[in-house]
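Shown next, in structure tokens, is the structure this report addresses.
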There are 2 protein chains.
Amino acid sequence: MHVRRPATLASLAAELGVSRTTVSNAYNRPDQLSPELRRRVLETARRLGYPGPDPVARSLRTRKAGAVGLLLTENLSYAFRDPAALGFLEGLALACEGAGQGLHLVPVNPERDDVTAVHSAGVDGFVVYSVPDDDPHLAAVLSRPVPTVVCDQPRVEGVDLVGIDDHAAIAQLAGRLISIGHRNIGVLCMRLARDRNDGFAAIARQRTAHFHVQRARLTALAESFETAGVDWARVPVVERFDHSIGSGESAAAQLLDASPEVTALICTSDILALGALNEAKRRGLRVPQDLTVTGFDGIVEAERVGLTTIRQPVLEKGRAAGKLLLASAEHSKPRHITLDTELVVGTTSAPPRTTEERWFGP
Amino acid sequence: MHVRRPATLASLAAELGVSRTTVSNAYNRPDQLSPELRRRVLETARRLGYPGPDPVARSLRTRKAGAVGLLLTENLSYAFRDPAALGFLEGLALACEGAGQGLHLVPVNPERDDVTAVHSAGVDGFVVYSVPDDDPHLAAVLSRPVPTVVCDQPRVEGVDLVGIDDHAAIAQLAGRLISIGHRNIGVLCMRLARDRNDGFAAIARQRTAHFHVQRARLTALAESFETAGVDWARVPVVERFDHSIGSGESAAAQLLDASPEVTALICTSDILALGALNEAKRRGLRVPQDLTVTGFDGIVEAERVGLTTIRQPVLEKGRAAGKLLLASAEHSKPRHITLDTELVVGTTSAPPRTTEERWFGP
DNA sequence: TGTGCTGACCGTAACGGTTCAGAAGCACAA
DNA sequence: TTGTGCTTCTGAACCGTTACGGTCAGCACA
């Protein structure tokens with residue numbers, strides 16, 4: 001509670017017998033009035049319980065809200081649970097607080113199409129993090145007359161971009177697995193579109209995926225393995241709508257049930273990979289002897305278990321997005337930033353056992 | 001980038017030859033005009049690139065911003081690293097998105113007194129999380145004519161409150177340690193005031209601590225141990241400004257160097273306790289045989305190592321704060337919510353070894 | 001013919017500030 | 001006297017909406 005009575009700049013001015021301009025100046029341009037008068041203004045303000053210029057009215061006039069909007073695919077609360085999203089948030093927060101800007105988290109429901117939250121966010125710009133390219137919220141953001149930076153998204157005409165080279169990154173990982181002999185692989189991936197499809201993702205679905213990141217990674221895998229002589233059409237790809245360790249577990253189970261011959265499970269995120277590791281353990285499969293598991297992101301939990309993965313600078317990504325947005329007044333052409341990634345070879349990958357070994361032991 | 005040319009509701013109205021009211025109604029009250037006209041309005045809007053009513057102007061007029069402000073003691077980026085703060089954030093986000101409200105993170109620097117960010121946040125209310133009672137940002141928030149909910153803070157006249165019974169919670173823990181025989185204890189606590197004091201905290205400083213939570217916990221410990229015959233004045237209390245595992249390590253080292261006779265290290269947070277455990281290990285002290293270590297919060301990392309601690313419902317706390325704030329229009333009297341805590345006895349606490357055992361082994 | 005009702009639309013006044021081009025007053029120089 | 005420069009303060013326009021209290025045409029009903 002605790003609501004003060006309304007006093008406005010105008011009522012203060014009236015009380016003091018000065019113009020509104022003068023009161024405004026008392027707050028914003030101390031050098032524009034005598035120290036004595038300023039003191040009186042401030043003191044009267046205190047007496048009347050005037051809290052200083054209303055931020056909304058000021059924003060209207062100055063066309064600045066002092067905040068950056070963040071649009072996520074997921075429920076807000078999810079963002080605080082996913083390590084990669086958290087890293088991004090931290091980086092973005094760093095950039096924002098460095099510039100004294102607030103961070104306005106836009107509430108969205110990934111399963112609903114209500115974009116009013118986007119329309120009613122009083123912000124100076126938006127950062128859009130990993131939403132599908134056909135997301136109505138994204139469209140709503142782009143329709144707003146404010147600068148926007150997208151992350152992990154396909155290029156949008158005239159919009160700043162921050163991301164990594166997903167294609168090259170995972171191709172490097174694929175190359176590694178191919179070089180050590182894996183040909184029977186399975187893939188666990190995240191949501192490919194806005195509709196829920198917890199199960200196998202056929203090639204058509206992979207090709208038309210609305211999540212750029214997932215599509216790029218799958219495409220790169222397909223190319224790499226096709227080149228190595230693997231028929232991609234026969235590679236099982238299991239998709240999960242929710243991104244959680246539990247999803248990784250169930251997806252791995254589903255895949256291994258259907259394709260027990262698989263020697264390597266490539267996951268498009270560390271979280272899924274952690275789930276896959278759990279499932280492998282549950283089945284008594286030794287990693288990496290019986291099964292190779294790889295992830296993507298390079299979160300600390302993955303590092304802890306020695307996961308073979310691609311490390312990407314999530315924090316730096318958030319920071320870059322923030323900086324780009326906050327500096328967008330300075331450059332008129334849209335800019336694209338691609339950050340570096342690194343293949344981290346951990347203890348969850350090894351050459352596949354030969355068929356013989358699989359039957360008779362190492 | 002991507003900035004559209006400015007079209008306003010007024011220019012749209014002019015273009016259409018209708019009143020502004022009608023255009024406004026086309027967006028906000030479809031039932032107030034004929035479907036045909038509404039269609040025309042919306043179509044013309046699209047043609048002119050009018051993005052719909054400006055959120056800031058609307059906020060000014062309707063006196064609603066559609067967002068909740070969050071004020072933290074720490075840098076924003078820190079909030080994304082501290083598990084307890086994260087739980088709180090998640091709960092708060094849950095409440096906000098449930099109500100379609102945005103979450104505006106206010107950027108502050110704990111070591112600076114610049115409160116402009118508080119003054120310029122266009123929000124309908126504030127949640128204040130764990131700031132010292134003399135924090136100028138808190139004062140700035142209270143001066144704003146919007147509802148406020150404080151968390152883990154001392155009662156502020158007329159302000160909603162959410163918290164736990166810190167006194168009772170830690171007294172329970174103290175009782176446990178006393179009952180199993182500990183009399184030589186040491187305490188590791190978090191920042192007690194806004195000034196940096198990395199070292200021992202004398203009783204005067206403990207008593208005048210500006211962080212309610214820390215003060216309550218120390219007071220409760222003092223009372224409990226005094227009652228058990230311990231002279232609190234001789235109990236070493238080491239304070240750390242930064243809240244991190246590293247702080248816990250160095251604080252434990254400092255304390256154990258000065259008071260090697262200590263049999264139990266009571267930490268006012270799990271993070272500090274995790275650091276203390278590291279330091280104990282480094283010194284070759286076995287936990288709990290040689291040293292008992294306890295924490296506070298009940299974060300998952302603590303659970304993983306079996307820390308004896310007080311579990312508090314951080315997520316619930318955030319959610320309660322959010323709900324209270326969003327419902328504050330409905331109740332006129334300030335409300336106080338106290339959530340339950342639970343003593344979790346883990347594997348890091350045990351009776352102290354006798355002096356004899358200490359010298360000659362168990 | 002008059003009355004009352006309804007649906008569709010409009011005019012005006014806020015909402016609470018900031019900004020910019022001056023005006024008033026005064027000191028100082030030429 | 002005139003002009004110049006400086007400090008201090010003012011008036012009015014403007015930011016883009018929505019709330020409020022209408023108006024007005026058309027129609028049913030008696």
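What you see is a predicted model; the values in this text were computed from it and never measured.
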Minimum-distance pair of heavy atoms, taken over all atoms of A/Tyr27 and A/Ala45: OH-CB, 3.2 Å
Nucleic acid footprint by protein, nucleotides 15-21 of chain D - heavy-atom cut-off 4.0 Å, B for base, S for sugar-phosphate alone: BBBBB--
Sugar-phosphate only, base, or nothing, as touched by B/Val56 at under 4.0 Å among non-hydrogen atoms: nothing
Whether B/Glu97 side chain and A/Leu76 backbone form a donor-acceptor pair below 3.5 Å: yes
Within residues 100-108 of chain A, residues whose heavy atoms come under 4.0 Å of DNA chain D: none
Backbone N/O of A/Thr116 and side chain of A/Ser120: donor-acceptor pair under 3.5 Å: yes
C/dC10 OP1/OP2 closer than 4.0 Å to side-chain N/O of B/Thr22: yes
Side-chain ion pair, A/Arg39 and A/Glu36, N-O less than 4.0 Å: yes
Nearest-angstrom distance from the residue atom CG of B/Leu33 to P of C/dC10: 10 Å
A/Glu74: which of A/Arg81, A/Arg191, A/His243 passes side chain to side chain donor-acceptor pair (under 3.5 Å): A/Arg191
Spacing of A/Lys64 atom NZ relative to C/dG17 atom C1', expressed in whole Å: 15 Å
Donor-acceptor contact below 3.5 Å, side chain A/Asp124 vs main chain A/Gly66: yes
Side-chain donor/acceptor of A/Ser11 to backbone N/O of A/Ala7, under 3.5 Å: no
Between P of D/dT10 and CD of A/Gln32, the distance in whole Å: 13 Å
Rounded distance (Å) that lies between atom P of C/dG16 and atom CG of A/Leu12: 13 Å
Test salt bridge (Lys or Arg N to Asp or Glu O under 4.0 Å) applied to A/Arg29 - qualifying residues, sequence neighbours left out: none
